[in-house]
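Everything numeric in this text was worked out from a predicted model, so none of it was measured. Chain A is the first sequence line, chain B the second, and so forth, proteins listed ahead of strands; every chain is numbered from 1.
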There are 2 protein chains.
Amino acid sequence: MTITTTQASSNERLLTPGEVAALFRVDPKTVTRWASAGRIGSIRTPGGHRRFRESEVRSMLADLTSEATLPPSRP
Amino acid sequence: MTITTTQASSNERLLTPGEVAALFRVDPKTVTRWASAGRIGSIRTPGGHRRFRESEVRSMLADLTSEATLPPSRP
DNA sequence: TACAATTAGGGTAATTAGGGCT
DNA sequence: ATTGTCCTAATTACCCTAATTG
């Protein structure tokens, strides 16, 4: 099952640095550093504050779930 | 408009390696080894640091507790 | 306009990753 | 075989003030 939420960027829900930080269990400053380093896409408000695409954040969380790929059981 | 949050694992509370280590009374490095060996699920921050699901950790702790509390239960 | 909360910056501690070793 | 400790490099957390947000 592949939920391909291909939403236009206009309808995309945006998250604040604090919300993203809560999801990753990190400090909001850390999310800012990710954006500065280009590790996560960001949109700037006219005042300079960052906003993040919810779909991108969720996919990052889901993708990094499994650490060690469990090999299939030996028959 | 009612958005039924279909978030499988994203809104799960996460714990840091140090927090998990404190709960198990082990060194944080040991928790890292568990993750590398696939004995415990882990999520990676974009920077490479690991986060662990609180529910999974609690479940593992419950198993330890029952093992330490209950006498050998198999006839 | 004023207000409380959040964020952007910059600097300095504290954790963590990774490997190797006992 | 699993855990603990030592090391370095990298990432993250907490301190501050000023600006933006809603």
Side-chain angles (χ1 to χ4, degrees), chain A residues 7-75, chain B residues 1-3 5 7 9-74:
Chain A
Q7 271 188 339
S9 48
S10 312
N11 301 357
E12 179 61 63
R13 183 128 76 99
L14 297 179
L15 302 177
T16 65
E19 291 170 333
V20 178
L23 290 173
F24 276 98
R25 187 52 168 92
V26 295
D27 193 87
K29 249 355 151 16
T30 300
V31 181
T32 293
R33 278 192 233 97
W34 296 343
S36 298
R39 297 202 232 232
I40 182 175
S42 64
I43 297 175
R44 308 280 284 221
T45 67
H49 286 201
R50 294 184 180 86
R51 296 289 116 97
F52 304 91
R53 300 183 186 284
E54 183 182 26
S55 62
E56 184 179 0
V57 173
R58 300 256 177 228
S59 65
M60 292 173 74
L61 282 168
D63 183 39
L64 303 168
T65 300
S66 185
E67 163 95 17
T69 305
L70 300 177
S73 322
R74 303 280 297 155
Chain B
M1 172 176 179
T2 308
I3 302 178
T5 49
Q7 305 150 357
S9 57
S10 296
N11 58 0
E12 176 72 50
R13 293 213 312 191
L14 300 177
L15 300 177
T16 65
E19 290 170 338
V20 177
L23 289 172
F24 279 96
R25 297 293 305 268
V26 295
D27 195 87
K29 184 105 182 188
T30 299
V31 181
T32 293
R33 290 199 187 99
W34 294 344
S36 297
R39 293 189 170 89
I40 182 175
S42 63
I43 293 177
R44 292 277 206 152
T45 68
H49 285 203
R50 296 185 182 87
R51 296 285 117 100
F52 304 91
R53 304 183 187 286
E54 184 183 30
S55 60
E56 185 177 0
V57 173
R58 298 285 178 200
S59 174
M60 297 173 73
L61 285 171
D63 292 346
L64 293 180
T65 301
S66 60
E67 184 171 335
T69 303
L70 299 178
S73 54
R74 276 262 45 121

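Residues B:His49 and B:Thr16 are not in side-chain contact: their nearest non-hydrogen atoms beyond the backbone lie 4.5 Å or more apart. Between B:Pro17 and B:Arg51, some side-chain heavy-atom pair lies under the 4.5 Å cut-off. Here the side chains of B:Pro46 and A:Phe24 are in contact, with some heavy-atom distance below 4.5 Å. In this structure, A:Leu15 and A:Leu23 have side chains that are in contact, with non-hydrogen atoms separated by less than 4.5 Å. You'll find the side chain of B:Pro28 stays beyond 4.5 Å of the side chain of B:Arg50, heavy atoms only. Taking 4.5 Å as the limit, every side-chain heavy atom of B:Ile40 sits out of range of all side-chain heavy atoms of B:Arg53.
In this structure, CZ of A:Phe52 is placed 10 Å from C1' of C:dT7, rounded to the nearest angstrom. Rounded to a whole Å, the CG atom of A:Leu14 is 16 Å from the C1' atom of C:dT7. One interatomic measurement links the two molecules: CZ of A:Phe24 to P of D:dT11, which rounds to 15 Å at whole-angstrom precision.
Over its length, the helix from C:dC3-D:dG22 to C:dG19-D:dC6 turns its helix axis by 60°, as judged from the five terminal pairs at each end, rounded to 10°.
Using modelled atom types, no side-chain atom of A:Thr30 and backbone atom of A:Val26 make a donor-acceptor pair closer than 3.5 Å. Although no hydrogens or angles enter the test, the distance criterion places a donor-acceptor pair under 3.5 Å between the side chain of B:Ser36 and the main chain of B:Thr32.
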Distances for protein N or O near nucleotides 12-15 of chain D N or O, under 3.5 Å:
{"unit_1": "D:dT12", "atom_1": "OP1", "unit_2": "A:Trp34", "atom_2": "NE1", "d": "3.2"}
{"unit_1": "D:dT12", "atom_1": "OP1", "unit_2": "B:Thr45", "atom_2": "OG1", "d": "2.9"}
{"unit_1": "D:dT12", "atom_1": "OP1", "unit_2": "B:Gly47", "atom_2": "N", "d": "3.2"}
{"unit_1": "D:dT12", "atom_1": "OP2", "unit_2": "A:Trp34", "atom_2": "NE1", "d": "3.1"}
{"unit_1": "D:dA13", "atom_1": "OP1", "unit_2": "A:Asp27", "atom_2": "N", "d": "3.4"}
{"unit_1": "D:dA13", "atom_1": "OP2", "unit_2": "A:Asp27", "atom_2": "N", "d": "2.7"}
{"unit_1": "D:dA13", "atom_1": "OP2", "unit_2": "A:Thr30", "atom_2": "OG1", "d": "2.4"}
{"unit_1": "D:dA13", "atom_1": "N7", "unit_2": "A:Arg33", "atom_2": "NH2", "d": "3.0"}
{"unit_1": "D:dC15", "atom_1": "N4", "unit_2": "A:Lys29", "atom_2": "NZ", "d": "3.3"}

